[in-house]
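Starting off with a structure, shown below.
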Amino acid sequence: MPFKQPKKVDKLHPESYESKWQEKWQKEKVYQPDIKKAPKPFYNLMMFPYPSAEGLHVGNMYAFTGADIYGRFMRMKGLGVFEPIGLDGFGIHSENYAIKIGKHPAQQAKVSQQNFYRQLTSIGNGFAWESKLETYDPAYYKWTQWIFIQLFKRGLAYRKKSPVNFCPSCKTVLSDEQVIEGRCERCKSVVEKREMEQWYFRITAYADRLLKDLETLNWTNKVKVAQRNWIGKTEGLLEDWQIDGMDVKLTTFTTWPHTSWGSTFIVISPEHPIISTLVKGTSYEKGAKEFCKIVISENKKDPQAAIKDKKGYFIGRFAINHLTGWKMKIFIANFAVMEFGTGIVKCNPAHDQKDFEFAKKYDLPIVPVIVPKDGKPLDPKKLDHAYIGEGVMEKAGEFTGMPTEKAKGLIADYIINKGNGKKTVTMHLRDWCISRQRYWGPPIPMIYCDACKKWYPVAEEDLPVKLPFIKNYQPTGTGKAPLAQDPDFYHVKCPHCGGQARRETDVSDTFLDSAWYQFRYPSTRCAASGQVPWDPEITKKWLPVNIYIGGAEHSVLHLLYSRFITMVFHDMGLLDFDEPFTRFYAHGLIIAEGAKMSKSRGNVIIPDSYIKKYGADTLRTYLMFLGPFDHGGDFRDTGIAGMYKFLSRVWRLANSVILNPDTIGTKNLKNTKAMHRCIKEVTEDLENLRYNTAIAHIMEYVNQLTENNPPADGQITEKHIKSLLLLLAPFAPHMTEELWQEIQLTVNSKQKTEKEVFNSIHKYPWPSYDEKFLVEDQTIIVVQINGRLRDSFSIQSPKAALQEEVEKKAKSSAKVQKHLEGKTIRKTVFVPGKLINFVV
RNA sequence: GCCUAGGUGGCGGAAUUGGUAGACGCGCUAGCUUUAGGAGCUAGUGCUUGCAAAAGCUUGGGAGUUCGAGUCUCCCCCUAGGCACCA
């Protein structure tokens, strides 16, 4: 029968089947595992979106598609895949958007929810829709509040008055993690320091564990590195310096104890309280005060000021160098940071660039104590920058001549033994400031009683503390949350004495909402036990999460907080593991037409119009083909058209088989070999989330199948086509389902009946390959002369392993002979089945 | 400054343990097809020289190890991300 190509099938027409299958999948619960009984549970989690702004953008879709493909692959490999989705809808992101468009956050949430769920359906992910959750649902945040209470009861939530980060635009305090280069991570306003009393979570108590466990986690390395940097554990030495003529000691922190032999002055942070003691009643008092005032305000205005210009003020005092006996001038200096170490620094200008610049400016002694590795001692008069490398000690008493690597520890011990120091560890990590003076979040479930002068948690049976619907939800900027204007909300009785008490009116940070959602998903449809937010049996079955896919921008926020909260649950005896995500994979970022996507540039790509034009399958496959999943890629309109073309080719190929069963044959070894190779390669690629190369291999396979166009009768088997569809199914779930069902009906000549069980392609077993088809009977041998390619030929595979045969054939080549002419072969390198190299 | 990834055609990107660099796709060129547009099909496409056959060059730069280096070693440059007045 001649090949015919009916017009109506020459292109994809996603609008006719994508939503049809989405509905069918949902109706048939194709992606809803049996939470209680699924035999091989596989928890495939992706970071749930903030439903702010106009909707899902193509970056979200990139992440979700990549995660979904892995889930679909695992499902076809026979695992009980659980792939839930929800909305991280509480918090500043959503609230700011609501304010911007003049809507009440609670009302906007409903609109956003509908829009996001519509979009999330349209991208064709295999979500377990029955397990969705929203963080602003009282049934959810009841437990967020419960968590706060548990931490309070264990002494891990506490109040403290200290300088906090305050964003003047968002009108709330922020955690350290939400301040990027001195600016608010959301609105980029310069963050102010304010002295306020706030609730904190004692995450620092877990610093060592958070650090140590990293080694055991299968996470994208850069995220582990970022967490390690953020925790910022530094081991060093605290060193005491006696002040000349005063019974006061200054304590400094250093990681280079051996350079104390060359310490010639000391600087103090202008914020340090000890300054007033040192200058009290001296002629330097007034000047010091003024200097501090100026420098503090300069640093606040421009955090980079001190880098540009180092400034100091001599306060008329000297400290004694406990190693050398030198009198060292003491300065207040703008580059000394109160938050790091002790806020006081011993300075060794020969071996620290900052100290060097300062010493030059104020004409302070520069004494090198390290001879560089080249053996030439440094001449302080000729130095134009500090020497910060390793070397050998000089002018260091009994340590002179010792390599610095060794001296570092020994000199530290020496200082400690003389009573002038002790070992210490500093951390960059600070406790997590959890209070927010905003409206759209879970009210912190605490009550303050004036009579008892004490904070009490809300009784657990009274949870949730519902967020009331109030008209004045806008942030106030006064340091009080909007709820503080609602007496009905905050007037409560003291749980202890029954007297008039006041509810906390701040809400908790959004990152608390998302720190525990992975535990809630599997249990959303089961009543929690009453004691904990999940069903313990179900949690045991599904957690920890098998693979978590999301953006690396959450390295030190969500991913750190979530680990911390999990450790607390573990310590409470509620979980038998203490890491929530055994594997975390950070996907890359999508840029558009070569530029970063941003609202201000106006190049944010919303997937909807592309889905409408090309279908979700095309967009999904295109996004995955852009580049390695952990690199991201550049979204271009011409590229997506190319993918539409490719899928249309697959569409035509499969349809040619459906419509012309006669073209299906049983024998074409070339095609069968290509199929087995393709199955092997795609399987290995998917196991490693190498989606771009998996698609390339499918393309090669399609190129092979369509080598003869139109295909000759009998060249393509049903299995060739079915394997193609199965391999493509995770990428293009709708069109493969459509074609699969068609083939089942047409090729197998089955009659469609109403009662027939729906056998989705997405539950069909992943195809397997047979090694015997991977063996090629012809092998290509490369002939090199002095390592340069001169010729190649193919030879029967068994013979390709015999040097004698290969050498004979190689030497018979005219091209090779030309290059060998008049030369003697000095050596022959033979790699069986690969190449032969003549060295002349 | 420190830490972590990277640097391959016009572009996105492929390359097992060192063994044919440039898979796959985009773009481009020519031809066919279509009323036209779009689309489709066929062929070509790293660079230089050459009518051609062919030769030379080529994985950020430089050195080294090797019969043979994108891959290994050393030095340098650049880009992206993280941390940073960090002692």
Side-chain angles (χ1 to χ4, degrees), chain A residues 5 10-11 180-181 220-230 232 234 236 239 252-256 259 263 266-267 269 299 303-308 310 333-348 351-355 388 426 428 552-553 555-556 586 588-589 594 622 625-628 630-646 648-649 652 684 690 692-700 702-703 706 709-710 780-792 815 818 826-831 833-840:
Chain A
Q5 197 181 76
D10 69 346
K11 266 186 226 167
I180 312 290
E181 287 176 348
T220 296
N221 191 45
K222 67 173 173 179
V223 174
K224 293 210 269 187
V225 170
Q227 289 212 352
R228 219 170 273 137
N229 283 344
W230 184 258
T234 315
E239 221 173 339
T252 61
F253 172 80
T254 183
T255 52
W256 268 41
T259 57
S263 292
I266 280 179
V267 296
S269 162
N299 280 359
Q304 305 288 301
I307 297 172
K308 292 175 208 144
K310 302 214 167 14
N334 62 345
F335 66 90
V337 193
M338 194 55 214
E339 286 80 25
F340 187 80
T342 59
I344 307 174
V345 192
K346 60 132 203 209
C347 295
N348 1 267
H351 306 295
D352 182 285
Q353 188 57 28
K354 289 193 308 296
D355 300 353
I388 54 169
T426 64
H428 174 255
E553 70 272 19
S555 297
V556 293
L589 294 178
Y622 171 61
F625 188 57
L626 280 175
D630 54 356
H631 287 204
D634 187 6
F635 189 100
R636 286 176 195 266
D637 282 5
T638 51
I640 189 166
M643 188 52 74
Y644 181 74
K645 248 159 59 178
F646 169 69
S648 292
R649 279 179 74 199
R652 280 193 301 277
E684 286 169 4
R690 290 192 302 243
N692 57 329
T693 49
I695 294 165
H697 287 128
I698 295 172
M699 287 172 164
E700 282 178 280
V702 171
N703 288 346
T706 54
N709 189 35
I780 293 167
I781 296 289
V782 168
V783 187
Q784 296 178 337
I785 291 164
N786 286 347
R788 301 186 60 105
L789 175 73
R790 292 303 174 190
D791 199 6
S792 66
K815 284 184 198 168
K818 204 177 104 190
R826 289 189 290 126
K827 190 179 170 187
T828 304
V829 180
F830 176 66
V831 182
K834 281 246 161 92
L835 61 79
I836 185 151
N837 184 17
F838 299 114
V839 185
V840 294

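Throughout, a chain's letter reflects where its sequence line sits, starting with A, and its residues are numbered from 1.
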(request) Please find out if less than 6.0 Å separates the ring center of A:Tyr644 from that of A:Tyr622. (result)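 Between A:Tyr644 and A:Tyr622, the centre distance exceeds or equals 6.0 Å.
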
| request: With C1' as the reference atom in both, quote the distance from B:C67 to B:G61 in angstrom, rounded to an integer. | output: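 Taking atom C1' in both B:C67 and B:G61, they lie 26 Å apart.
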
Give the nucleotide from the list B:G13, B:C67, B:C83 with an atom nearest to the side chain of A:Asn692.
->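 Nucleotide nearest to A:Asn692's side chain: B:G13.
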
Categorize A:Leu835 for me: base, sugar-phosphate, or nothing, with a 4.0 angstrom heavy-atom threshold over every strand shown.
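Here A:Leu835 touches the bases of the nucleic acid.
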
(Q) Counting only Watson-Crick pairs (N1-N3 plus N6-O4 or O6-N4) and G-U wobbles (N1-O2, O6-N3), all under 3.5 Å, who is the partner of B:A39? (A)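 Base-paired to nothing in any strand shown.
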
Review point. With a 4.0 Å cut-off on heavy atoms, is A:Asp352 in touch with a base, just the backbone sugar-phosphate, or nothing at all?
Key: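 A:Asp352: no heavy atom of the nucleic acid under 4.0 Å.
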
Write down the partner of B:A5 under the Watson-Crick or G-U wobble criteria, each distance required to be under 3.5 Å.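 Base-paired to B:U79.
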
(message) Within the 4.0 Å heavy-atom criterion, would you say A:His428 contacts the bases, only the backbone, or no part of the nucleic acid?
(response)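 Sugar-phosphate contact only.
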
>> Expressed as a whole number of angstroms, how long is the span from A:Glu553:CD to B:A80:P?
In response: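 It is 18 Å, rounded to the nearest whole Å.
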
Practice task
Look up atom CG in A:Asn348 and atom OG1 in A:Thr254, then write down how far apart they are to the nearest 0.5 Å.
Solution key: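 A:Asn348 atom CG to A:Thr254 atom OG1 measures 6.5 Å (nearest 0.5 Å).
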
- Output yes when a side-chain donor or acceptor of A:Thr220 lies under 3.5 Å from a complementary backbone atom of A:Ala586, and no otherwise.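 Checking the backbone N and O of A:Ala586 against the side chain of A:Thr220, a donor-acceptor pair under 3.5 Å is found.
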
Checklist entry - Of all the choices, B:C41, B:A87, B:U17, which nucleotide is nearest to the side chain of A:Lys834 once you look at every atom? => result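 Taking heavy atoms from C-beta onward, the closest nucleotide is B:U17.
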
Q) Is there a Watson-Crick or G-U wobble partner for B:U59 with both distances under 3.5 Å, and if so, which one is it? A)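 WC or wobble partner does not exist here.
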
Please state the C1' separation for the pair B:A55 and B:G50 - nearest whole angstrom.
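Each nucleotide's C1' atom is 9 Å from the other's.
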
- Identify whether any heavy atom of A:Arg690 sits under 4.0 Å from a base atom; if not, whether one sits that close to sugar-phosphate; answer base, sugar-phosphate or nothing.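 No contact.
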
Item to check | Minimum heavy-atom distance between A:Asp634 and A:Leu626, given as atom pair plus value | outcome: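 Heavy-atom minimum between the residues: O-CD2, 3.1 Å.
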
Next item on the list: Report yes or no: does A:Asp352 contribute a side-chain atom to a donor-acceptor pair with the main-chain N or O of A:Lys354 at less than 3.5 Å?
Entry: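 Yes, A:Asp352 side chain to A:Lys354 backbone: donor-acceptor pair under 3.5 Å.
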
Who is the Watson-Crick or G-U wobble partner of B:C86, with both distances under 3.5 Å?
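The base-pairing partner of B:C86, which may sit in any strand shown, does not exist here.
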
Across the strands shown, which category fits A:Val225 at heavy-atom distances under 4.0 angstrom: base, sugar-phosphate, nothing?
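Sugar-phosphate only.
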
Between B:G12 and B:A63, how many Å separate the two P atoms, rounded to a whole number?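 Rounded to whole Å, the distance is 27 Å.
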
message = Using a 4.0 Å heavy-atom cut-off, does A:Val345 contact any base of the nucleic acid, only the sugar-phosphate backbone, or nothing at all?
response =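 A:Val345: base contact, heavy atoms under 4.0 Å.
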
Q | Atom P, compared across B:C3 and B:C74: separation rounded to whole Å | A |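 Comparing P positions in B:C3 and B:C74 gives a spacing of 15 Å.
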
| said: Tell me the interatomic distance from A:Asn334, atom CG, to B:A84, atom P, rounded to whole angstroms. | reply: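 After rounding, the gap between these two atoms is 19 Å.
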
Next item on the list: Scan A:Ala552 against the nucleic acid and name what it touches under 4.0 Å (heavy atoms): base, sugar-phosphate only, or nothing.
Entry: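 Nothing, no nucleic acid heavy atom in range.
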
Quiz prompt | Nearest-Å distance once atom P is located in both B:G6 and B:A21 | solution =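 Looking at atom P only, B:G6 and B:A21 are 24 Å apart.
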
Identity of whatever pairs with B:U33 - Watson-Crick or G-U, under 3.5 angstrom: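 Pairing partner: none.
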
Over all strands shown, is A:Arg788 touching base, sugar-phosphate only, or nothing at heavy-atom distances under 4.0 angstrom?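 The residue A:Arg788 makes sugar-phosphate contact but no base contact.
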
### Query
Rounded to the Å, how far apart are A:Ile388 CD1 and B:C86 P?
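From A:Ile388 CD1 to B:C86 P: 12 Å.
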
Taking atom types as modelled, is there a side-chain donor on A:Asn703 or A:Arg649 under 3.5 Å from an acceptor on the other?
->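 Indeed, the side chains of A:Asn703 and A:Arg649 share at least one donor-acceptor pair under 3.5 Å.
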
Mind calculating the distance between CD (A:Gln784) and P (B:A69) to the nearest angstrom?
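Taking atom P of B:A69 as the reference, CD of A:Gln784 is at 9 Å.
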
- Task: Return the 5'-most residue of the pair A:Arg649, A:Gly787 with respect to RNA chain B, ranking by each residue's nearest nucleotide.
- Result: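 Nearest-nucleotide comparison on RNA chain B picks A:Arg649.
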
Who pairs with B:C51 - Watson-Crick or G-U, where each distance is under 3.5 Å:
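B:C51 is unpaired by these criteria.
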
Legend entry - Nearest-nucleotide 5' precedence on RNA chain B, A:Thr342 against A:Gly633: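 Result: A:Gly633.
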
- [ ] Please say whether more than 12 non-hydrogen atoms of neighbouring residues, nucleotides or ligands are located less than 6.0 Å from CD1 in A:Ile388.
- [x]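 At most 12 heavy atoms, drawn from other residues, nucleotides or ligands, come within 6.0 Å of this atom.
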
Worksheet entry | Distance, P atom - from B:G70 to B:U17, rounded to whole angstrom |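 16 Å, rounded to whole Å.
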
OP1 or OP2 of B:C67 less than 4.0 angstrom from a side-chain nitrogen or oxygen of A:Lys827, does that happen here?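 Answer is yes, contact under 4.0 Å.
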
ask   = Checking all strands, does A:Thr254 fall into the base, sugar-phosphate, or nothing category for heavy-atom contacts under 4.0 angstrom?
value =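 Contact class for A:Thr254: sugar-phosphate only.
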
### Message
Would you measure the distance from the C1' atom in B:A14 across to the matching atom in B:U8 and give it in whole Å?
### Response
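Comparing C1' positions in B:A14 and B:U8 gives a spacing of 10 Å.
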
Q. Does A:Asn837 get its side chain close enough to the base of B:C67, under 3.5 Å, for a donor-acceptor pair?
A.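 Yes, the side chain and the base share a sub-3.5 Å donor-acceptor pair.
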
**Asked** Partner of B:C72 by Watson-Crick or G-U wobble geometry, both contacts under 3.5 Å, or none?
**Response**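 Its partner is B:G64.
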
Next on the checklist: For the NZ atom on A:Lys224, are there more than 12 heavy atoms of other groups (residues, nucleotides or ligands in this structure) within a distance under 6.0 Å?
Outcome noted: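 Yes, NZ of A:Lys224 has more than 12 neighbouring heavy atoms, counting only those of other groups under 6.0 Å.
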
If anything within 90° of 0 is syn and all else is anti, what is B:G9?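 Chi for B:G9 falls in the syn range.
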
Please report the distance, rounded to the nearest Å, between NE2 in A:His631 and C1' in B:G81.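 Those two atoms, NE2 and C1', are 12 Å apart.
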
| field | d(CG, A:Asn221; P, B:C83) in whole Å | value |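 In whole Å, B:C83 P and A:Asn221 CG are 16 Å from each other.
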
Which one, B:A14, B:C24, B:A84, comes nearest to the side chain of A:Asn703?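 Minimum distance to the A:Asn703 side chain belongs to B:C24.
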
Tell which nucleotide pairs with B:G44, taking only Watson-Crick or G-U wobble pairs whose two distances are both under 3.5 angstrom.
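When the pairing criteria are applied, B:C28 turns out to be the nucleotide that pairs with B:G44.
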
Taking it one step at a time, do A:Asp355 and A:Lys310 satisfy side chain to side chain contact (heavy atoms under 4.5 Å, CB included)? CA-CA 9 Å; A:Asp355 300 353; A:Lys310 302 214 167 14; over 6 Å; no

Practice item. Return the value, rounded to whole Å, for the distance between atom CG of A:Leu626 and atom P of B:C24. Key: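 Interatomic distance, CG of A:Leu626 to P of B:C24: 18 Å.
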
### Message
Using the P atom as the point on both nucleotides, what is the distance between B:U42 and B:C47, in whole Å?
### Response
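Pairwise P distance, B:C47 against B:U42, rounds to 23 Å.
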
Of all the choices, B:U4, B:U20, B:C24, which nucleotide is nearest to the side chain of A:Ile780 once you look at every atom?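 Out of B:U4, B:U20, B:C24, the nucleotide with an atom closest to A:Ile780's side chain is B:U20.
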
query: Looking at B:G25, B:C83, B:A87, which one has an atom nearest to any side-chain atom of A:Thr255?
result: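 Out of B:G25, B:C83, B:A87, the nucleotide with an atom closest to A:Thr255's side chain is B:A87.
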
Quick one: label A:Ile698 by what it contacts on the DNA or RNA (base, sugar-phosphate, nothing), any heavy atom closer than 4.0 Å.
->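 A:Ile698: no heavy atom of the nucleic acid under 4.0 Å.
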
| said: Strictly below 4.0 Å: does A:Lys354 bring a side-chain N or O up to OP1 or OP2 of B:C86? | reply: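 For B:C86, OP1/OP2 do have a side-chain N/O of A:Lys354 under 4.0 Å.
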
Query - A:Tyr622 OH - B:C24 C1' separation (whole Å) - result: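 From A:Tyr622 OH to B:C24 C1': 14 Å.
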
Which nucleotide, B:C24, B:A15, B:U20, lies nearest any side-chain atom of A:Met699?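 Among B:C24, B:A15, B:U20, the one nearest the side chain of A:Met699 is B:C24.
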
